[in-house]
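Only this structure's heavy atoms are used, side chains among them; waters, hydrogens and symmetry mates stay out.
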Amino acid sequence: MNPLQQQLISDIRTNGPLPFVDYMEYCLYAPGYGYYDSDKTIFGATGDFVTAPELGKLFAGTLARSIADTASRLGSYELLEIGAGSGKLALDLLQALQQLNSLPSRYRILEKSKTLRQRQQTLLNQTGLPLSIEWLDDFPSQPWRGTIIANEVLDALPVENFRVTASGLDRLAVSVNKNNQLKWDALPATPELTEAVRQLQQTLSEQHAIEWSSPYTSEICLGLTSLLANLKKNLTSGQLLFIDYGYLRHEFYHPQRHMGTLVSHTGHQGHFDLLANPGAQDITAFVDFSAVMDAAEACGLNVDAFQTQANFLITAGIEQVMQDALLGGSTQTAMMLSHEMKQLMLPGEMGEKFKVLQLSC
Ligand SMILES: C[S@@+](CC[C@H](N)C(=O)[O-])C[C@H]1O[C@@H](n2cnc3c(N)ncnc32)[C@H](O)[C@@H]1O
C-alpha cells in the first residue's frame, strides 16, 4: 500500500466517505504524493501519456504564430501559462516566438504542483532568452495584457462525479471496505451540485431534447466559474487559449455516454479503475466546452472561436512550420516530423478529439 493510499484510508475511516471530487484532488495534487506532485515520470514516451508539446516542436511553433499574430495588435504583451507540465511547451514556444521577433515582455507560469514547478525551473532557467520567466503562487494581482495558454489543464481539474437514479441524485464518493480496499460509495448531493445538475438537465431537455435514462452517471466541473473569473480579473486586454479533449454539452451528456468520461492513464494505457493505485495513475475527465464558454461569458469574456485542434493548427500555419522544420533536415528528421504531424492532425489521433477554445477581452 502506498503512503497516499494509507493516508486516504485513515482519513476515510476518521471522517467518512470522501466525495469523488476531493478524492481526485488528493490523488492528483496531494503535496509530495499526488500524481502530479510525485517524482514519477508523467509526460512523454517513458511516462504515462504524451501531450501535444511533448511530441516535438510543431505544436509550439504553430501556437507561436497564432500568439504572435494577436500580440502584434497588442504591442507589448505578456504570456501566462497555466499548468506547464514538464515546461517543454514554454521552452519551445519562447524559442519560436524569438524567431518570429515576438517575444513577450514576460512569461509567467501558474503551476499547482511544486514538483513540476521545480522541473520547469530547471529546464527554463537556462534558456538565455532576454526576458523574465516567473512562477506565480496565485492569479495575477495587477492589471496586465497579453495571452493565457492552458494545454490539457482543464481535463485535470477535479470534478464532481454524480449519478441520477429514479430515486434522486447521488454524489459519488470513495469509501473503504473491511479489507482496507477502496470502494465506491454515494453521499447525498450538496445544494450546489443539485442545482448544477438540475440546470444541466433543464438545458439538455429544452435545447437538445435530451433525457437521460436511469441510472445515468457523469461528472461536472464546478470549479470552472471561479477559474475563469480569476483568470479574467486583472486581464485588461488579451486572449485565452484552452486546448483540450472534450465535447459540447449535448455530446458530453449524450444519453449513450451514461458512464461519463472519467478515465485513468498509466503507461500509455487508458482504463476505468479510478480507485486503483491512488497517486500512481492519472485521473482525467473530458472537458464540457459549453460549460467553459458559459463560464467565460458570465465573467465578461468573448468567445471568439471553438474548433478542432486540426483546424486551429491549419489556420495558424502548421504547414509553414513543417516546411521550415524540414529545411536541410535528414530523412530521419522528415520521418519524425511526419509522425508528429499525423499525431497532431489526424481525426483518430489528436486532430478532432482535441479542441481549441479562443476567448478574448
Ligand atoms: C495534463 S498536465 C498538462 C501539462 C502541459 N500543459 C502539457 O501540455 O504537457 C496538467 C498540468 O496542469 C497543472 N494544473 C492542474 N490544475 C491546475 C491549476 N488549477 N492551476 C495551475 N496548474 C494546474 C498540473 O499540475 C499539470 O502541470
Side-chain angles (χ1 to χ4, degrees), residues 43-44 50-111 120 123-134 144-153 231 235 237-244 304-305 307-329 333 336-338 340-341 343-345 350-351 354-360:
F43 308 100
V50 180
T51 60
E54 299 288 336
L55 288 168
K57 294 185 182 222
L58 290 180
F59 180 78
T62 312
L63 200 54
R65 289 170 65 100
S66 171
I67 291 169
D69 186 42
T70 313
S72 64
R73 277 173 260 141
L74 285 176
S76 163
Y77 79 107
E78 298 180 26
L79 267 174
L80 169 61
E81 183 176 0
I82 316 297
S86 69
K88 185 168 186 306
L89 177 59
L91 181 64
D92 292 347
L93 195 53
L94 285 171
Q95 286 173 344
L97 284 166
Q98 188 182 36
Q99 284 181 358
L100 295 168
N101 283 324
S102 287
L103 272 180
S105 56
R106 183 161 65 158
Y107 195 98
R108 293 189 287 179
I109 293 177
L110 182 61
E111 171 55 62
Q120 294 156 14
L123 185 71
L124 292 165
N125 279 341
Q126 294 159 8
T127 62
L129 291 167
L131 85 164
S132 126
I133 304 178
E134 295 166 21
W144 68 288
R145 61 184 183 176
T147 296
I148 297 176
I149 44 174
N151 188 62
E152 289 207 40
V153 178
L231 291 175
L235 183 65
S237 167
Q239 69 162 344
L240 300 86
L241 285 167
F242 289 101
I243 306 159
D244 228 307
D304 293 341
Q307 57 192 318
T308 62
Q309 176 169 296
N311 273 350
F312 171 80
L313 292 175
I314 289 170
T315 311
I318 194 167
E319 282 175 75
Q320 187 60 53
V321 178
M322 173 86 166
Q323 278 177 21
D324 293 348
L326 281 168
L327 277 179
T333 307
M336 284 166 66
L337 285 167
S338 160
E340 185 183 348
M341 187 75 147
Q343 296 287 112
L344 292 173
M345 303 293 285
M350 292 179 170
F354 281 70
K355 313 290 191 314
V356 181
L357 176 62
Q358 290 169 267
L359 309 168
S360 69

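- The side-chain contact (heavy atoms from CB on, under 4.5 Å) test applied to Glu319 returns no partner, not counting sequence neighbours.
- Applying the side chain to side chain donor-acceptor pair (under 3.5 Å) test to Thr70 and every residue at least two apart in sequence or in another chain returns Gln239.
- Between the CD atom of Glu152 and the CD atom of Glu54 there is a distance of 10.0 Å, given to the nearest 0.5 Å.
- Here Arg108 pairs with Glu78 under the salt bridge (charged side-chain N to carboxylate O under 4.0 Å, His left out) rule; sequence neighbours left out.
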Worked check of side-chain contact (heavy atoms from CB on, under 4.5 Å) between Val50 and Gln343 = CA-CA 10 Å; Val50 180; Gln343 296 287 112; over 6 Å; no
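- Residues passing the side chain to side chain donor-acceptor pair (under 3.5 Å) test with Gln309: none are found, sequence neighbours excluded.
- Summarising the geometry, atom CG belonging to Leu313 is positioned 8.0 Å from atom CD1 belonging to Ile243; distances are rounded to the nearest 0.5 Å.
- Using a 4.5 Å cut-off on side-chain heavy atoms (C-beta onward), Gln358 and Phe312 make contact.
- Annotation: the span from Glu81 atom CD to Ile148 atom CD1 amounts to 11.5 Å, rounded to 0.5 Å.
- In terms of heavy atoms, Leu124 sits closest to Ile133 at O-CD1, 3.8 Å.
- By the 4.5 Å heavy-atom criterion applied to side chains, Leu344 and Phe354 are not counted as neighbours.
- With sequence neighbours left out, the salt bridge (charged side-chain N to carboxylate O under 4.0 Å, His left out) criterion links Asp304 to no other residue.
- One finds the CE atom of Met341 at 5.0 Å from the CE atom of Met322 (value rounded to the nearest 0.5 Å).
- By the side chain to side chain donor-acceptor pair (under 3.5 Å) test, Thr333 pairs with Ser330, sequence neighbours left out.
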Pairs of donor and acceptor atoms involving the side chains of residues 87-103, under 3.5 Å and at least two apart or interchain, shall be tabulated with distances.
from	atom 1	to	atom 2	distance (Å)
Lys88	NZ	Pro53	O	3.0
Lys88	NZ	Gly56	O	2.8
Lys88	NZ	Asp92	OD2	2.5
Ser102	OG	Leu100	O	3.3

Tell me, with the steps shown, if Phe242 and Ile82 meet side-chain contact (heavy atoms from CB on, under 4.5 Å).
-> CA-CA 10 Å; Phe242 289 101; Ile82 316 297; 5.8 Å; no
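- Checking side-chain atoms of Glu340 against main-chain N and O of Lys57 turns up a donor-acceptor pair under 3.5 Å.
- With sequence neighbours excluded, no residue forms a side chain to side chain donor-acceptor pair (under 3.5 Å) with Thr315.
- Side-chain contact between Trp144 and Leu235 is present, with at least one heavy-atom pair separated by less than 4.5 Å.
- Taking the side-chain contact (heavy atoms from CB on, under 4.5 Å) definition, one finds that Asn311 meets it with Gln307, Thr308, sequence neighbours left out.
- A distance of 12.0 Å separates CE of Met336 from CG of Leu326, quoted to the nearest 0.5 Å.
- Interatomic distance, CG of Asp244 versus CG of Asn151, reported as 7.0 Å (0.5 Å rounding).
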